[in-house]
Engineer: 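One structure, pasted below without further comment.
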There are 2 protein chains.
Amino acid sequence: MPRREPLNREKVLTAALELADEEGLEGLSMRRLAKRLGVEAMSLYNHVSNKTDILDGIAERVFSEVAPSDPTLPWPDQIRTVTLNMYAAFSRHPIVPLALVTDQSNPTSAQALQPLDTLAGALYQAGFDDLRTRQALGAINALLLGSLLLSTGGFTGDPQPHTAEQGVSAYIRQVDPARLPHFSRLLRHTQNGVSPAADFEEALNTLITGLITSAPQQAPDHAPEGRIDE
Amino acid sequence: MPRREPLNREKVLTAALELADEEGLEGLSMRRLAKRLGVEAMSLYNHVSNKTDILDGIAERVFSEVAPSDPTLPWPDQIRTVTLNMYAAFSRHPIVPLALVTDQSNPTSAQALQPLDTLAGALYQAGFDDLRTRQALGAINALLLGSLLLSTGGFTGDPQPHTAEQGVSAYIRQVDPARLPHFSRLLRHTQNGVSPAADFEEALNTLITGLITSAPQQAPDHAPEGRIDE
DNA sequence: ACCTGAACACCGTTCAAGT
DNA sequence: ACCTGAACACCGTTCAAGT
């Protein structure tokens with residue numbers, strides 16, 4: 001019987017990302033990945049050094065999918081577009097935020113860090129000093145990753161996806177309106193039409209509005225920027 | 001030899017939280033927990049139904065440590081204090097945000113959801129409608145959990161804690177200033193005196209500033225707001 | 001050069017058996 | 001009522017052996 005074309009790193013990473021997209025981080029095991037590639041688990045170690053290496057490779061790939069942003073935009077728009085582009089890429093591959101946050105991957109290539117560099121550049125352009133820039137960058141990152149993680153299986157006070165819709169309403173009935181009046185009102189009125197992407201965009205706009213407010217008044221550039229759209 | 005006092009759920013949860021605080025989420029296994037309690041792993045199942053039950057119990061406990069807030073404060077201060085109180089409790093027990101976000105725990109008691117109810121109440125008080133309240137609550141939650149996760153082992157473009165300080169500077173040298181000018185400036189200027197708690201407070205203030213800006217202009221004041229007709 | 005089988009040290013969990 | 005030993009179906013990874 002003809003041996004298949006031999007494996008290589010790229011094929012391993014491609015299959016790993018597919019598997020992770022279908023089954024999540026906990027579904028991505030060396031043994032299952034090998035099976036999908038028609039090989040024994042131990043063969044994978046000829047092409048990647050270990051599981052962390054796979055997760056790093058996946059993260060690098062997904063970072064490279066982040067659409068670049070126009071550097072001539074005013075700084076708030078630059079922050080908005082880069083961050084929304086990261087959100088879009090990561091929400092297609094939820095394993096990445098999860099692996100980042102559980103320290104199972106730690107990409108360090110210039111490619112991967114490019115979006116962070118753009119964000120830092122926009123913040124410096126706004127006139128923030130080093131401390132404030134680090135804080136603002138951290139805030140954007142936290143909002144981004146937190147939003148992604150909460151929209152995929154995370155805690156919102158909501159029930160887990162369960163099997164169907166009826167899980168939700170059962171849960172709502174379970175929340176005691178006497179002890180949690182506001183939260184149960186919220187649940188009752190928002191079970192329809194929840195859009196994580198739209199919610200994130202709104203959250204990001206709110207944060208950017210706050211950044212504009214706290215930015216040094218005299219913009220260091222010629223550009224009078226601070227538009228808030230709504 | 002005298003049998004020890006028998007185990008019970010409370011003892012199991014206490015030991016589990018201690019173990020998790022020392023060793024992290026991945027260090028908390030049924031077998032290691034049992035060993036710490038001087039018992040076989042299978043004994044634990046007499047007192048908890050499974051590992052998820054343990055993680056839920058831990059989350060409930062930590063939520064109950066969140067200091068309550070003064071409901072007479074203006075809504076922005078109420079949001080600030082509740083959220084900072086959650087941050088304080090969770091940063092003492094990093095397993096909780098991690099378990100929430102990986103869907104390994106899902107507390108649903110009124111006790112646990114109390115802080116979320118307070119936040120929702122403050123947002124309604126600010127005059128936000130149901131949609132905006134949900135979005136704002138999600139933003140606060142995302143910023144909170146994202147900040148906590150990033151400050152414990154997560155991705156910031158920084159290296160992992162490694163063994164020592166020298167890991168950091170080695171990493172900084174590794175970032176190419178030609179390709180990542182702003183980000184490498186940031187790393188160079190902020191390796192000293194990073195305080196996650198202070199950074200979070202700053203980030204939260206920025207978000208709250210944004211919320212104040214986008215809140216309906218006429219504050220509904222003391223007016224009884226939360227009535228739901230159905 | 002690439003792949004494999006067996007093994008090691010782990011997981012969560014079930015079940016029948018012990019006291 | 002509580003605890004245990006053996007077992008099952010998994011993990012990531014190493015290593016000597018095969019082609």
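The model shown is predicted, which means the values in this text are computed figures rather than measured ones. Residue numbers begin at 1 in each chain, while the letters A, B, ... track the order of the sequences.
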Engineer: Just how far, in rounded Å, is P of C:dC2 from CG of A:L37?
Structural biologist: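 Rounded to the whole Å, the gap is 15 Å.
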
Engineer: Is B:M42 touching bases, backbone alone, or none of the nucleic acid, heavy atoms closer than 4.0 Å?
Structural biologist: base

Engineer: Looking just at side-chain N and O atoms, do B:S184 and B:R179 make a donor-acceptor pair shorter than 3.5 Å?
Structural biologist: no

Engineer: Applying side chain to side chain contact (heavy atoms under 4.5 Å, CB included), name anything that partners B:T206, two or more places apart in sequence or on another chain.
Structural biologist: A:L207, A:L211, B:E202

Engineer: Rounded to the nearest Å, what distance is computed from the NZ atom of residue A:K51 to the P atom of nucleotide D:dT13?
Structural biologist: 8 Å

Engineer: What residue among A:R36, A:R61, A:K11 forms salt bridge (Lys or Arg N to Asp or Glu O under 4.0 Å) with A:E18?
Structural biologist: A:R36

Engineer: Is the distance from OP1 or OP2 of D:dA1 to the nearest side-chain N or O of B:H47 less than 4.0 Å?
Structural biologist: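 Checking D:dA1 against B:H47, no side-chain N or O comes under 4.0 Å of OP1 or OP2.
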
Engineer: Find the distance B:L28:CG to C:dC10:P and express it as a whole number of Å.
Structural biologist: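 Answer to the nearest Å: 16 Å.
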
Engineer: Could you tell me the separation between the CG atom of A:L33 and the P atom of D:dC11, rounded to a whole number of Å?
Structural biologist: 11 Å

Engineer: Return the 5'-most residue of the pair A:S29, B:A41 with respect to DNA chain D, ranking by each residue's nearest nucleotide.
Structural biologist: B:A41

Engineer: Calculate the interatomic distance between B:N46 atom CG and D:dA1 atom P; express it in whole Å.
Structural biologist: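 So the CG-P distance, B:N46 to D:dA1, works out to 11 Å.
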
Engineer: Check A:E26 with A:R32, please: is the shortest side-chain N to carboxylate O separation under 4.0 Å?
Structural biologist: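 Salt bridge: no.
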
Engineer: Can you check the B:K35 NZ to C:dG12 P distance for me, whole Å?
Structural biologist: 13 Å

Engineer: Which nucleotide, C:dG5, C:dA7, C:dG12, lies nearest any side-chain atom of B:Y45?
Structural biologist: C:dG12

Engineer: Please give the stem ranges for DNA chain D, sorted by first residue number, where a stem is three or more consecutive Watson-Crick or G-U pairs and both donor-acceptor distances are under 3.5 Å.
Structural biologist: C:4-8 with D:12-16, C:12-16 with D:4-8

Engineer: Take the protein atom CG of B:D53 and the nucleotide atom P of C:dT13, then report the distance between them rounded to whole Å.
Structural biologist: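 Interatomic distance, CG of B:D53 to P of C:dT13: 10 Å.
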
Engineer: A:M30 side chain: which of D:dG12, D:dG5, C:dC11 is closest?
Structural biologist: D:dG12

Engineer: Quick check for you: among C:dT13, D:dC3, C:dC3, whose closest atom lies nearest to any side-chain atom of B:L7?
Structural biologist: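 The answer is D:dC3, which lies nearest to the side chain.
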
Engineer: Checking side chain to side chain contact (heavy atoms under 4.5 Å, CB included) against B:F90, which of B:I95, B:L144, B:L98 comes through?
Structural biologist: B:L144

Engineer: Taking the C1' atom of each, how far is D:dC10 from C:dC8, in whole Å?
Structural biologist: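 It works out to 15 Å between them.
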
Engineer: Does B:S43 reach a base, just sugar-phosphate, or nothing at all? Heavy atoms under 4.0 Å.
Structural biologist: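 Base contact.
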
Engineer: Between B:D130 and A:R188, is the closest basic N to carboxylate O distance under 4.0 Å?
Structural biologist: no

Engineer: Could you state the atom-to-atom distance from CZ of A:R31 to P of D:dG12 in whole Å?
Structural biologist: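 Distance check: A:R31 CZ to D:dG12 P gives 7 Å.
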
Engineer: Rounded to the nearest 0.5 Å, how far does CZ of A:F183 lie from CG of B:D117?
Structural biologist: 8.0 Å

